[in-house]
Amino acid sequence: MNQKFAGVKGMNDLLPGEIEIWQHVESTAHAVLARYGYSEVRTPVVEDTALFVRSVGETTDIVGKEMYTFDDKAGRSLTLRPEGTAPAARAYIEHSVQNLEPVSRWYYVGPMFRYERMKTGRYRQFFQLGVEAYGIAEPAEDVEQMELVTHLLARLGLTGVSLNLNSLGDDACRPEYQKKLVGYLEAHREALCAECKERLTRNPLRVLDCKNERCQEIARGAPSILEMLCQPCQAHFAEVQRLLGVLRVPYVLNPRLVRGLDYYTRTAFELVAADPVLGTASAVGGGGRYDKLVESLGGSAVPAVGFALGLDRLCLLAKAAGQVPTGRPELFVVTVGPAARDRALELATGLRHAGHRVELDARGGSVKSQMKRADKSAATYALVLGDQELAEGVAQLKPMAGGEPVRVALDRLEATLTELKQS
RNA sequence: GCGAUCAUAGCUCAACUGGCAGAGCACCGGACUGUGGCUCCGGGGGUUAGCGGUUCAAGCCCGCUUGGUCGCCCCA
């Protein structure tokens, strides 16, 4: 008895009918990123476990409970990447890219893995488009990226996504703020949810974006980090906002925005969609500045800023927005008899080489059934070629939308198709 | 990780208090021996998610497993 297999929970197949929207989203992204001077990089799906522990942060949910970690046969602890920034930084450092060029603008597209309870828009294998710029500390770079992502979403026809913005300070001011925040939260300790009591000691900033209503109430009264930024952070943040204004990029200031990863400094932003198709999985992207990451992973002090978009969610939104592209053949070749089929194969091949999209079904069959296939393929024209036509050196070109078939000389086919395509 | 809920053809769903597993759509073919869509006729397709239990008899009742969906949590 043959066993029937099922895919691994939370990891999906993308089949024709579904893949088109992905190709549309990805090709749009490739085109937009190229215009902003970004180059694609590809790094392995598996990395040294310690890379994520050290960069993402031991107290984060990702490292604490969501990683796919295993030992290989040599006993190394490896992890299926849960995010792309750390692997990119690792590659950047490993290849000493900072010595080759002062500024690098990279992006990547690929699967990420997190062991989580799944639901709409959240999978155990999901796809991210990540964008990383190394070597520029200026706020203009942060803004360029936020404008880029805003533009990309617009190109995809996605409205109703808002840009949330905050600054998380840096080593100079965040510890100070954190101390003050803990002081405030300690005073309300009893009212916090169980998890937040835990966060209070492990990662107090995360209390700020707890979804629990009572915690939110308390968070609203908490001191704002924006009032405690050190002078350089404050100047940076002010410039970010000024330039967003210059470029007319709409954003919402959200002093309680905290990212789920530890490596961020200064600018942090998140893209939140209003569309109900995503349910509670409303974040479609997020990012920020991580000026200390490269150094903390053993590289030199290279400032960087980046963000990631969740492609699964983007595709859900694009589909809901009716952005489903359709591809249809120009020509579907219908043949009658073996001699005609040989000639048709030749013709189809020649037309394809000339750049036309042509389909032909080798199963043959009655003209009727071949016409049905032509109809189903949504081809613009059917080309009927049988012994009668062959004897005269012509074929019938029939518009599938309706209308009379036209007789076209076989040696005029390519030219005729090209003309029709242009008109 | 916690809670709720669901699982019958490729899809959407029927099947009485337990009694021969069905329809629509989709797919394929024919009516028209060389011309699609509309109509009519026919056909293929199911261990009723899986395993076990109760029963003369289980799609239906019970248990377990797996998977989907929703909420909590978190994020992309």
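Every chain is numbered from 1 and lettered A, B, ... according to where its sequence line falls, protein lines coming before strand lines.
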Under 4.0 Å, heavy atoms only, any strand: does A:Met118 hit a base, just the sugar-phosphate, or nothing? sugar-phosphate

Quick check: on RNA chain B, is the nucleotide nearest A:Phe127 upstream (toward 5') of the one nearest A:Ala401, or the reverse? Name the residue that is more 5'. A:Ala401

Within the 4.0 Å heavy-atom criterion, would you say A:Gly337 contacts the bases, only the backbone, or no part of the nucleic acid? nothing

When rounded to the nearest Å, what value does the distance between P atoms of B:C73 and B:C38 take? 50 Å

Which pairs count as ring pair (Phe, Tyr, Trp, His ring centres under 6.0 Å) when at least one residue sits in residues 129-154 of chain A, sequence neighbours excluded? A:Tyr92-A:Tyr134, A:Trp106-A:Tyr134

What I want to check is whether an N or O donor and acceptor connect the side chain of A:Arg206 with the base of B:C73 at under 3.5 Å. no

Sequence neighbours excluded, every pair satisfying salt bridge (Lys or Arg N to Asp or Glu O under 4.0 Å) that has a member inside residues 15-41 of chain A: A:Glu18-A:Lys319, A:Glu40-A:Arg42

Under 4.0 Å protein heavy-atom contacts per nucleotide of nucleotides 24-34 of chain B, with B for base, S for backbone only and - for none: ---S-S--B-B

Which whole number of Å gives the distance between the C1' atom of B:U17 and that of B:U55? 16 Å

Scan the side chains in residues 252-260 of chain A for donor-acceptor partners under 3.5 Å anywhere in the protein, sequence neighbours excluded, and list what turns up.
unit_1   : atom_1 : unit_2   : atom_2 : d
A:Asn254 : OD1    : A:Arg256 : N      : 3.0
A:Asn254 : OD1    : A:Leu257 : N      : 3.4
A:Arg259 : NH1    : A:Glu270 : OE2    : 2.7

B:C62 versus B:G18 - spacing of their P atoms, nearest Å: 11 Å

Do A:Gln422 and A:Thr418 have a side chain donor and acceptor closer than 3.5 Å? no

Please determine whether any donor N or O and acceptor N or O are separated by less than 3.5 Å between the side chain of A:Glu116 and the base of B:A76. yes

Reading 5' to 3' and counting Watson-Crick or G-U wobble pairs with both distances under 3.5 Å, write the dot-bracket notation for RNA chain B, | for bases paired outside the strand. (((((((..((((.....[..)))).(((((.......))))).....(((((..]....))))))))))))....

Please answer whether the main-chain N or O of A:Glu47 pairs with a side-chain N or O of A:Arg81 as donor and acceptor at a distance below 3.5 Å. no

Base, sugar-phosphate, or nothing for A:Ser282, non-hydrogen atoms under 4.0 angstrom? base

Solution key, residues 341-349 of chain A side-chain donor-acceptor pairs under 3.5 Å, sequence neighbours excluded:
unit_1   : atom_1 : unit_2   : atom_2 : d
A:Arg341 : NH1    : A:Ala362 : O      : 3.2
A:Thr349 : OG1    : A:Leu345 : O      : 2.7

Phosphate oxygens OP1/OP2 of B:A76: is one of them under 4.0 Å from a side-chain N or O of A:Arg259? yes

Those residues that, when tested against A:Phe70, pass side-chain contact (heavy atoms from CB on, under 4.5 Å) (two or more places apart): A:Val46, A:Leu78, A:Leu80

Between A:Gln125 and A:Tyr68, do the side chains contain a donor N or O and an acceptor N or O under 3.5 Å apart? no

Which pairs count as ring pair (Phe, Tyr, Trp, His ring centres under 6.0 Å) when at least one residue sits in residues 388-423 of chain A, sequence neighbours excluded? none

Write out all pairs satisfying salt bridge (Lys or Arg N to Asp or Glu O under 4.0 Å) with one or both partners inside residues 51-62 of chain A, taking only residues at least two apart or from two chains. A:Asp61-A:Lys65

Side-chain donor/acceptor pairs under 3.5 Å, residues 394-411 of chain A, sequence neighbours excluded:
unit_1   : atom_1 : unit_2   : atom_2 : d
A:Gln396 : NE2    : A:Glu389 : OE2    : 2.9
A:Arg407 : NH2    : A:Glu392 : OE1    : 2.1
A:Arg407 : NH2    : A:Glu392 : OE2    : 3.4

Donor + acceptor pair across side chains of A:His236, A:Asp170 (<3.5 Å): no

So A:Ala283, base contact, sugar-phosphate only, or nothing? Heavy-atom distance under 4.0 Å. base

Pick base, sugar-phosphate or nothing for A:Ala340, based on heavy-atom distances below 4.0 Å to the nucleic acid. nothing

Identify, residue by residue, the members of residues 9-17 of chain A with a heavy atom below 4.0 Å from RNA chain B, and return them in order of residue number, or none. A:Lys9, A:Gly10

So, A:Glu83 side chain and A:Thr85 main chain: donor-acceptor pair closer than 3.5 Å or not? yes

Ionic contact status for A:Glu419 with A:Arg412, cut-off 4.0 Å: yes

What residues 23-54 of chain A contributes to the RNA chain B interface at heavy-atom separation below 4.0 Å is none

